[in-house]
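Okay, so here's the structure we're looking at.
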Amino acid sequence: MASSTEPTETSGGHSGRLASRLRRERVSSYWFAGAGYFAIALFGLIVLTLVYQSLPLLSEFSIVQMLTSSQWDPAQQEFGFLPAIVGTIYVTILSMAMGTPIAILAAIYIAEFAEGRTKTLVSSFIDVLAAIPSVIFGLVALIVVVPFVGDYLAPAVGSSATGLGIFTVSLVMAIVVTPFMISLSVESLESLPDELRESSLGVGATQWETIRSVLLRAAGPGIFSAVLLGFGRVFGATIVPAMLIGGQTQIPDSLFATGQTLPTLIVNDFGELMSLPLTQSALIFVGLTLVIVVWLFNFSAMYVRKRLKRRWQY
Amino acid sequence: MTQNYSRRSVLQLAGAGSVASLAGCAGSGSNGNSSSAVRISGGVGPLPMVEVWADMYEDQTGVTFDISGGGTGVGVSDLFNGQVDVAMMGRDPDEEELEEGLIAVPMLIDTVVGTVNVDNPVYDELRENGLTREDLEAIFTREITNWGDVADADVDEEITVYGRSDSSAAYQQWGDFLGGDGDKHTESELENLADANHNGDQSVAEAIGRNENAVSLNNINYVYDLGSGELESDVRPIPLDIDGDGLSEDEDFYETRDEFLEAVEAGIYPAPPAREMFLAADDGFEDEAYDFVEWVLTDGQEYVSENGYVPLEEDRLEEALEKLAEGP
């Protein structure tokens, strides 16, 4: 629209056009900078809101006492977060333990061994799996995994669990996050230059040796951050745990015990109790804890990844 | 060069355009909401009934509605934030909420009943004799853990207790009932005593349907078929032996939903576990919301039974209308 408003081509026309181009340049870069800072402002706003809303709770109870108490009963004004914290840690460690080896092995298979149509087929199905909403996994798990764990797996190890619980959640979350980790790991493996493989094979290494001591090292930082992303997803997972964990705010005493994670604590309790100021404040404090932990985690992941990159050069 | 330049201006235009359209949206949205529609949110228990009422009322008067669920707590906090005109409540209002200016008017009665699987090992005995409140309390608090100890039968099957993992007014009410007079089990207490808790009434009903040895509680709309009002799924109500001497003629009303609802209305089935549900407003109902609630308490009551709830009794309705007229 501005280009049509140049009236005459006088001697000053040339510099006038340059000035308007520069002006446009500046305006558009403001747009981009603004969009960038908007993200930061949004994060700040979220954290500030969470902090502000948790103040009523923090002014009445001490943080240490809340984080170490295992009594959770909003109706009795008891807010102990320990069971949820322990539950979150259990679920995260278990699902990463189940998911990571599978993810890395599958990624190696797709990137290095699979060929032609098999490769296309397998990797496209992994992409499809990654795109399925997690609530679908939860639904299917309720019908398939819960009875399986309750009727076969738990009795096999001498437990009388109902099928809902830490183990089921971990199993399903492992299934939910592996496609992500596989896709990202495949990407970082495939982005390695072919000379790396050729020279390794050229000096007489077998394919397995090449993969183990050359490719996995070179792609290490990429795979590491894929695993960390998976970690973050399990940590903050909400709907699958809410459907499958069994919702008991007690410290779980076995793998098959029911429990609670920090996100499920929020989802399960906010519906009925949001309007009671102290409970609301408590739930928001849980949210704040989650945000801080995830943020710390991302931060240290970034740091570790940088260190790894420097150490594992090829 | 020229391409770069045009691309940038397209970006600028797109940016400006989207900001303008966002502004437009916000403007029309807020205008539209405050002037014409009655905004309601809150408990999912009463939600189906309020939706039916709203449809009918809309047909009669042309007033439009904007209804969402989310839970009683969400409804009340929406109310205090000025986002809705009316909140649906599945539980009694809390003291703290009343202090903040909440006005709650009862609208109907909803019913929760203990449930078992149709293939329960002692189902025949349960059906014949029922269980007393004390029996149910012992089961849900794990004093009795074997079906063989519940009924005089030669059965050795562990009882599986399911509860609700989401905080629900029904579960709260069940805790009130189990505790008996003046004493109640809080929801967290029940949750921690259960073998496992499911998220939502539907999941609980499905879990009962899958596990022969399970016991739990359900809203009657998940026990009887919605259309026919008969017992069609694998979920069965546990008859309540109120006076402790077996099921009498009077207490035998669990075959169909209609019989059951009549018993609740007549007060034979105790409350709790039956419970009143409320429509609430912040500092009094206004304009269209007031008219709607008044209609609900008068003409609206006749549609309650056919939707699986129990209408309020005459004098309770009058009280509600008085409270509505009085305001804050």
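Of the listed residues Glu189(B), Glu158(B), Arg210(B), Arg164(B), the one with more heavy-atom pairs under 4.5 angstrom with chain A than any other is Arg210(B). Note: Ser188(B) leads Ser188(B), Ala196(B), Ala87(B), Ala207(B) in heavy-atom pairs under 4.5 Å with chain A.
Residue Pro147(A) touches chain B through its side chain alone, counting heavy-atom pairs closer than 4.5 Å. The contact between Leu193(B) and chain A is made entirely by backbone atoms, counting heavy-atom distances below 4.5 Å. Both the backbone and the side chain of Asn192(B) have a heavy atom closer than 4.5 Å to some heavy atom of chain A.
For the 3.5 Å distance criterion, the side chains of Asp73(A) and Thr186(B) qualify, holding a donor opposite an acceptor.
With rounding to the nearest 0.5 angstrom, the CG atom of Leu265(A) is 11.0 Å from the OG atom of Ser165(B). A distance of 8.0 Å separates CG of Asp195(B) from OG1 of Thr258(A), quoted to the nearest 0.5 Å. The CG atom of Asn268(A) sits 9.5 Å away from the CD atom of Glu187(B) when rounded to the nearest 0.5 Å.
Listed for the Gln248(A) side chain is a donor-acceptor partner under 3.5 Å among the backbone atoms of Glu191(B).
Annotation for Asn197(B) and Leu164(A): closest pair O-CD1, 3.5 Å, computed over non-hydrogen atoms.
For Asp156(B), the CG atom counts as loosely surrounded, since its 6.0 Å shell holds 12 or fewer non-hydrogen atoms of other residues, nucleotides or ligands.
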